Amino acid sequence: MGVVHRRSTAVAAGAVLALAGTLLPAGAPASAADQPAESVIAAPNRSLPRSEVLYTAGTTGYLHVQEGKGRQWTDAATGESRAQTRLPSHLNTGLGTSGNGDPGGTITVMDLGTTAATTFGIPVGQGWVQAYNESVVVTVEESGDHRLAALHLISADGTDRPADAIPAGLMFRYMVAQDRDGAVFQFADADGQPHLIALDYATGAVSEVFAGLDRSELPTSIALSKDKVLGYKPSSATAFTTERGRTDAPVTRTSVPDPSNSTTTRNATMALAGDRILVVHREAVPTYSAGQKLWSVAIGGGATELLARSDHRLATAPDGSVLAVGGTGPGDWAVHRFTPDGGRSVVREVPPVTAAVDGLSAAAGRISTVALGDGTDARGLYTYDLDAAGRPGERTLRYRVGDTYKDCAAGSSCVELFGTGNGLTGYSSGSSVHLPISTNSLHILGPGGVSDVRVLDTSGRYTLFESASAKKLYVGDTEAHTADDVVHTRARGAAALWGTRLWKPATATGSVNAYDLKSKKTLADVKLGSGCVPQELQAVGRWLYWNCGPAGKAGVWDSTAGKNITVPSGGETLLGDGFLVRHDRTGAGKLVLTDFHGGAGTSVTTRDFADLPAGDKPSQRHVTWDVDRFTGTVVYADATQRIHVRPTGVPRTRVTNIESTTDTFINLGWDNDAEQNVWHGSVQLNRPARAWKLTFKDATGRTARTVTTGGAEGARLSLTWDGKRADGSVVDGGRYTWALDVDGGDGFRTVKSGTTDVEGAKTTHRDYNGDGIGELFGFSSAGTLHVDGFHSGAMWSSSSSGWPAGNRFFPFGDLTGDRCNDVLVRTSSGTLYRYDGKCAGAVNKNSPHVSLGTGWSAYNYLSWAGDLTRDGRPDLLARKTSTGDIYVFAGTAAGKLAAGKKIRSGWTYNQLLGAGDLNGDGIGDVLARDKAGTLFRYDGAGNGTLKDRKTVFKNWGSAYRKVIGIGDLNHDGKNDLLSFDTSGRLWRNLGDGKGSFGGRTQVWDTYTNYAGGLS
């Protein structure tokens, strides 16, 4: 297939060295003058300290190997080092040897500090056993049956001193430990059981060490001090100490710290410093950590931490002090000396290592790097986030990536990184795509069954990758939540992602088209006029870069102008918003910028942008730079491991939404489902937002809430609304419009809008299921209460049976304050009850209820007009049968009704309707129809009374058996009328929000749930 550009990989990272920048003024497009100036990030220290391996410590210094340097002897007093070009074959405390130790041969012992050397001859018939000091070497003479005949001490002048006799029957095995005063050897008896024999070089005396221990306990590792022998098994948590030179000396057991974490093996190294045992455990995975704690343990018990991290190698000097390498981390790492009297000092600091960054990407102000090092580093994905002024923040470890990578060519240690623009960074693990979420979790995208996955492009939630063996392209979606999160598969070829569109070559040569990943539709072909099949595609906003191969044509399609822009071809090229950057590898190498932001038909300029060495061979695809498609900056690494963040100065496109997912409803009544009772919006922008505001308005256009905070990751906003106003009160149920306004640095503009239905909220007029739409009450002669409503164009019904036939039902507001409208029920005896609504349709006769008093049969009309007293509670409107007087019974905080207050006299209207707020002033209103068919409106005054009447319609409603103020039927926030005619048909008149209504529309053909009454 043709080239599909890899968007990054690199060499650098660290702290900011230099920066100058300014915020963009609102309403102004970005330009060279008002974009931040270049910032430079210094290469940081590697996450692991510099490797420092101790071999031996002498009187004046120590032998060691430091990473980046060979073997060297360092003088402890001056800190001066000299190369030790020939590492001695055996080591003692500051001494080394050369020679083969064969019978008749020679051994040379050298003081590594002074370089003074002494040569010893090995007698014929004896073999050197690797034990020595400046004055003697130790040899062994065996009997004919390979049993030990004798140990000998050979001086430089050839003197041969036999050591004291070894217990009979023991066979020599090997030397276990030594210092300048003597050595400890392991022997075996006739049963193969081990014995430890100590030899004193000065006197030739021998003594068995730990003779009183059971053979199963006998230590396998030995450390010596002037007067003590320390024995231990590296896998054990017990150390043994005894007096040196005495076979009958008592043995002390000491418990040492025992590691219990998975990164440490139970494999200890120990040394003696006076009466203290120094203990450190080895790392199970040494490349991932700086080491374990170094402990000081008093003989007999009691541990103290000496170093937070330490290498497992310890070196004992002739004066009894112990050297160890460690500290807290790369910036605090040194060779330490611990003396027998409890003293401690730093012998020499170990400088940190500059991190070699082997991957680089930039997206939406997040710079991502990978540090691989030379095999001793923690392989980490690190990020720096830029602020609005272009200043990088702290280096943050995002994820510890694996050891094996398939992205880069053989022989190169690199990881190709791809910033998504939503805060994530992707790379290939070989068989899948990894997108770390945190230091211990990640998204994994992959079809399975392939081993050569390579990432090609990313855009927010979507990632484009390929498999050469499968000959497939895949698009993974981090929000798909399927088995492999692959949402699209197609044949391998050139392709590019931006937003929801996957660009690819069309069937016709010289044409391309886009497949929309959400609608799953292929858009119309775009004729590029290239006359060739693109081998490379890149997309950013209105721009589509195409390239027909290294020696072919290249151009940028301007979708706004519908024309092509000719641009230079050849070299590695990355597309930005209105510009291209090309890596010219000729000569010293440079980045070249081509500016075409004005679009097709305007001037196109090309200029050198930055010096960048030719670097790796193109075949290695190890790119050291990237273009941030979301911010218009270029990021590249120089030869000193520094990262440059340089704005191009090219004006950017205004902020837009390129992909989003938003909720269309929330149900605040689902207390057991936290996700359902919160509105969520996820909006991917073409550039990071500096500020935003999400405004929700009710159906009347009143602002319910403005949200100005939320989660922002790169250029993606994650927004929520809990269905409440700023004061914490729950909004009314119904349909809300929302708009997201974003400032991308050049002023606020609306980037996304929509509607959402709020259910389970504060119920509105006659709403009994929390959806903001009013319901109709019908009572059958069989004693069944019907609550019927309209939702999404369909009618729904809820019912309860067993009610006495003489009951009357009156829909009412929320008296109890539980956000659910209640129902008033009048019995045949005239007692009025409040039945608590449940926001789920009809109440039943066993629902919680409370009496509101007796004598209510005196009223021939009861209705909920809304809130007439403007105290936030529903009020009851009632007409007395005997006089036609109108009374208002105000709702109380106790969930009951206050005493009636007469507000009108002698009403003879044949229909009265408590219609709720009809004119948008927040106060309940009343409709009344006289015998002549004139419909009047009485607006609530807000003090429990009614204003003078206004005519709504004349000659209206003579064919209606019942007219009901039904509340809002169409989610427009305006209360409507529902009428029932003599043929059983239901008609709707939509309210205009100004106190009147539109023409009627039939909503039901024959309504039958009314035989016992309709309300």
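This one's a predicted model, so the numbers in the text were calculated from it and none came from an experiment.
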Reference residue I367; test side chain to side chain contact (heavy atoms under 4.5 Å, CB included); the match among L417, T633, V645, D385:
V645
Which of parallel (below 30°), tilted (30 to 60°) and perpendicular (above 60°) describes W625 and H583?
perpendicular
What pair of heavy atoms forms the shortest contact from Q684 to N422, and how long is it?
OE1-CB, 3.4 Å
Is any NZ, NE, NH1 or NH2 atom of the basic residue among D558 and R542 found under 4.0 Å from an Asp or Glu carboxylate oxygen of the other?
yes
Taking the six-membered ring of Y382, is NZ or CZ of R395 closer than 6.0 Å to its centre and within 45° of its axis?
yes
Quick check: H488 with Y474 (ring centres under 6.0 Å apart)?
no
Considering non-hydrogen atoms only, spot the tightest contact between S569 and G549 and give its length.
OG-O, 4.0 Å
side-chain hydrogen bond (donor to acceptor under 3.5 Å, both in side chains) against T695, all qualifying residues, sequence neighbours excluded:
none
Take K590 and D608 through the salt bridge (charged side-chain N to carboxylate O under 4.0 Å, His left out) test and state the conclusion after the steps.
CA-CA 7 Å; K590 64 184 67 174; D608 291 350; 3.2 Å; yes
Does the ring centre of F596 sit less than 6.0 Å away from the ring centre of W543?
yes
Which atom pair, heavy atoms only, marks the closest approach of S459 to G499?
OG-N, 2.8 Å
Enumerate the residue pairs fulfilling disulfide (SG to SG under 2.5 Å) with a member in residues 496-548, sequence neighbours excluded, ordered by first and then second residue.
C532-C548
By the definition side chain to side chain contact (heavy atoms under 4.5 Å, CB included), identify the one residue from D638, V634, T624 that meets it with L612.
T624
Are S660 and T662 close enough that a side-chain donor and a side-chain acceptor fall under 3.5 Å?
no
Run the salt-bridge test on R629 and D457 with the 4.0 Å N-O cut-off and return the result as yes or no.
yes
Could you check whether D746 pairs with R687 (Lys NZ or Arg NE/NH1/NH2 to Asp/Glu carboxylate O, under 4.0 Å)?
yes
Can R366 be said to sit on top of Y384's aromatic six-ring, NZ or CZ under 6.0 Å from centre and within 45° of the ring axis?
no
Would E479 and R716 pass as an ion pair if we require N to O under 4.0 Å?
yes
Salt bridge flag under 4.0 Å for residues E659 and R461:
yes
Would K504 pass as a cation-pi partner of Y515, given that its NZ or CZ must be under 6.0 Å from the six-membered ring centre and within 45 degrees of the axis?
no
H644 and Y636 aromatic ring geometry - parallel, tilted or perpendicular at 30°/60° bounds
parallel
Do V512 and L537 have side-chain heavy atoms sitting under 4.5 Å apart?
yes
Closest heavy-atom pair, G562 versus W557, reported as atoms and distance to 0.1 Å, is O-CH2, 3.0 Å
